[in-house]
2 protein chains.
Amino acid sequence: MIRLSTKGKYGARLMFQLALNYGNGPMLLKEIAAREDLSVRYLEHLVPPLRTARLILSMRGSKGGYSLAKKPQDITLKEIVRVLEGPFYPSECVEAPDICNRSSFCVTRNIWAELEQTISATLASHTLQDLVDEYRKAHTSEESS
Amino acid sequence: MIRLSTKGKYGARLMFQLALNYGNGPMLLKEIAAREDLSVRYLEHLVPPLRTARLILSMRGSKGGYSLAKKPQDITLKEIVRVLEGPFYPSECVEAPDICNRSSFCVTRNIWAELEQTISATLASHTLQDLVDEYRKAHTSEESS
DNA sequence: TAATTTCCTACCGCTTTGGTAGGAATGGTA
DNA sequence: TACCATTCCTACCAAAGCGGTAGGAAATTA
Ligand code: FES
Ligand code: FES
């Protein structure tokens, strides 16, 4: 399957909540989970990779929580998905030609390489700020009705 | 992971061999497997979906084998991968919004929808004939050296 | 009839997925 | 100091998917 796992999907929603909260201090994982209707226990697994990739900051203890390590316009979906799902290549041999013994002949490999570039470019073209703007736009127009 | 399984990868190579052989009558699975260095037994699993999707024709019995059901320029990588890997959406809720209860609010869903379109368009832009041309070009220039 | 090849179904070990759970470490607060 | 809330680390688990092997039936040709 050419499908995202819940790591990438939930991770994007987690980061979106942090982006919505940007500038308001640390946000509790409990609150993120509540707003996105996800399990706190599962979200805990997504935090370490995001933290080591320096996308989020964490504060322990009471009054702790999480916040974005950069401005929402400086974090793209590509970074988030990359960190949680791994590289985008549809076939390993795109980056490691050695594993296919006929990679020098293989014409399909070029397709997979191009596909990787396409996926990467698409995800890189959206920042968290874009999501926030889109959400605010839809949300306020709804309230005004 | 956002990765192709061997079904899609091997299937593309299988179809490529049939495209190379196009016009020369049925080709044995045994020969395809030999040329691509794959297991016949495993390739047998890829045949039924390709056949029901009317991408290949099969002839049973001795002197049997497989051939493309359409001209190589009329078969895209999109069709092949789609048949063997299933739909391209990174998240199920792109096509079935009901499974996420907050799909009407969810801004990440739009990203996954766009990603599906990008993947689909990229794969649709390459036909089997393209692969054959590319292979012949590389192969003949190599022989002339 | 015999040989060849497709075709159908089952099986199997391994890895990934999508979680749950326990409990230690940390920091604020009274 | 004691207490509490929260992050953080590690282990565990059931179910599904993956990659592949295997047996044998059905069809076609010679
Ligand atoms: S080189 Fe890896 S699939 Fe062809
Ligand atoms: S609607 Fe499915 S992930 Fe948001």
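Numbered from 1 within each chain, the chains take letters A, B, ... in sequence-line order. All of these numbers come straight from a predicted model, not from anything done at the bench.
Each of B/Pro48 and B/Gly64 lies near DNA chain C, and the nucleotide nearest B/Gly64 is the one positioned closer to the 5' end.
Electrostatic pairing of A/Glu92 and B/Arg3 counts as a salt bridge here, judged by a charged N lying under 4.0 Å from a carboxylate O. Using a 4.0 Å cut-off between charged side-chain N and carboxylate O, B/Lys137 and B/Glu134 make no salt bridge.
Between A/Ile2 atom CD1 and C/dT16 atom C1' there is a gap of 17 Å when expressed in whole angstrom units. Between A/Leu46 atom CG and C/dT17 atom P there is a gap of 13 Å when expressed in whole angstrom units. Distance A/Arg3 CZ to C/dT16 P: 19 Å, rounded to the nearest Å. Remark: C1' of C/dG19 and NZ of A/Lys7 are 11 Å apart, rounded to the nearest angstrom. Per the geometry, CG belonging to B/Asp37 stands 16 Å off P belonging to D/dG19, to the nearest Å. Put simply, CG on A/Leu4 is 11 Å from P on C/dT17, counting in whole angstrom units. For the pair A/Leu84 CG and C/dG18 C1', the computed distance is 14 Å after rounding to whole Å. Per the geometry, CG belonging to B/Leu57 stands 16 Å off C1' belonging to C/dC7, to the nearest Å.
Between atom CD of residue A/Gln73 and atom CD of residue A/Gln129 there is a gap of 5.0 Å, rounded to the nearest 0.5 Å. Atom CG of residue B/Asn21 and atom CG of residue B/Leu68 lie 8.5 Å apart, to the nearest 0.5 angstrom.
A donor-acceptor pair shorter than 3.5 Å cannot be found between the side chains of A/Asn110 and A/Glu114.
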Q. Which letter, B, S or -, goes with each nucleotide of nucleotides 24-30 of chain D from 5' to 3', with contact meaning a protein heavy atom under 4.0 Å?
A. B-BBBB-
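B/Thr6 has a side-chain polar atom (N or O) that falls below the 4.0 Å cut-off from OP1 or OP2 of D/dG19. For the OP1/OP2 pair of C/dC7 and a distance below 4.0 Å, the side-chain nitrogens and oxygens of B/Arg51 include at least one atom meeting the criterion. At C/dT20, one or more side-chain N or O atoms of A/Ser39 fall inside 4.0 Å of OP1 or OP2 (strictly under the cut-off).
Applying the salt bridge (Lys or Arg N to Asp or Glu O under 4.0 Å) criterion to A/Lys70, with sequence neighbours excluded, gives A/Glu79.
A distance-only check finds no donor-acceptor pair linking the side chain of B/Arg13 to the backbone of A/Thr108 [under 3.5 Å]. In this structure a side-chain-to-backbone donor-acceptor pair under 3.5 Å is present from A/Glu85 to A/Ser5.
Within residues 10-33 of chain B, the residues approaching DNA chain C are B/Leu28, B/Leu29, B/Lys30, by heavy-atom distance under 4.0 Å.
Side-chain to base pairing of A/His45 with C/dT17: no donor and acceptor N or O lie closer than 3.5 Å to each other.
Looking only at side-chain heavy atoms (C-beta outward), A/Gln17 and A/Leu20 come within less than 4.5 Å of each other.
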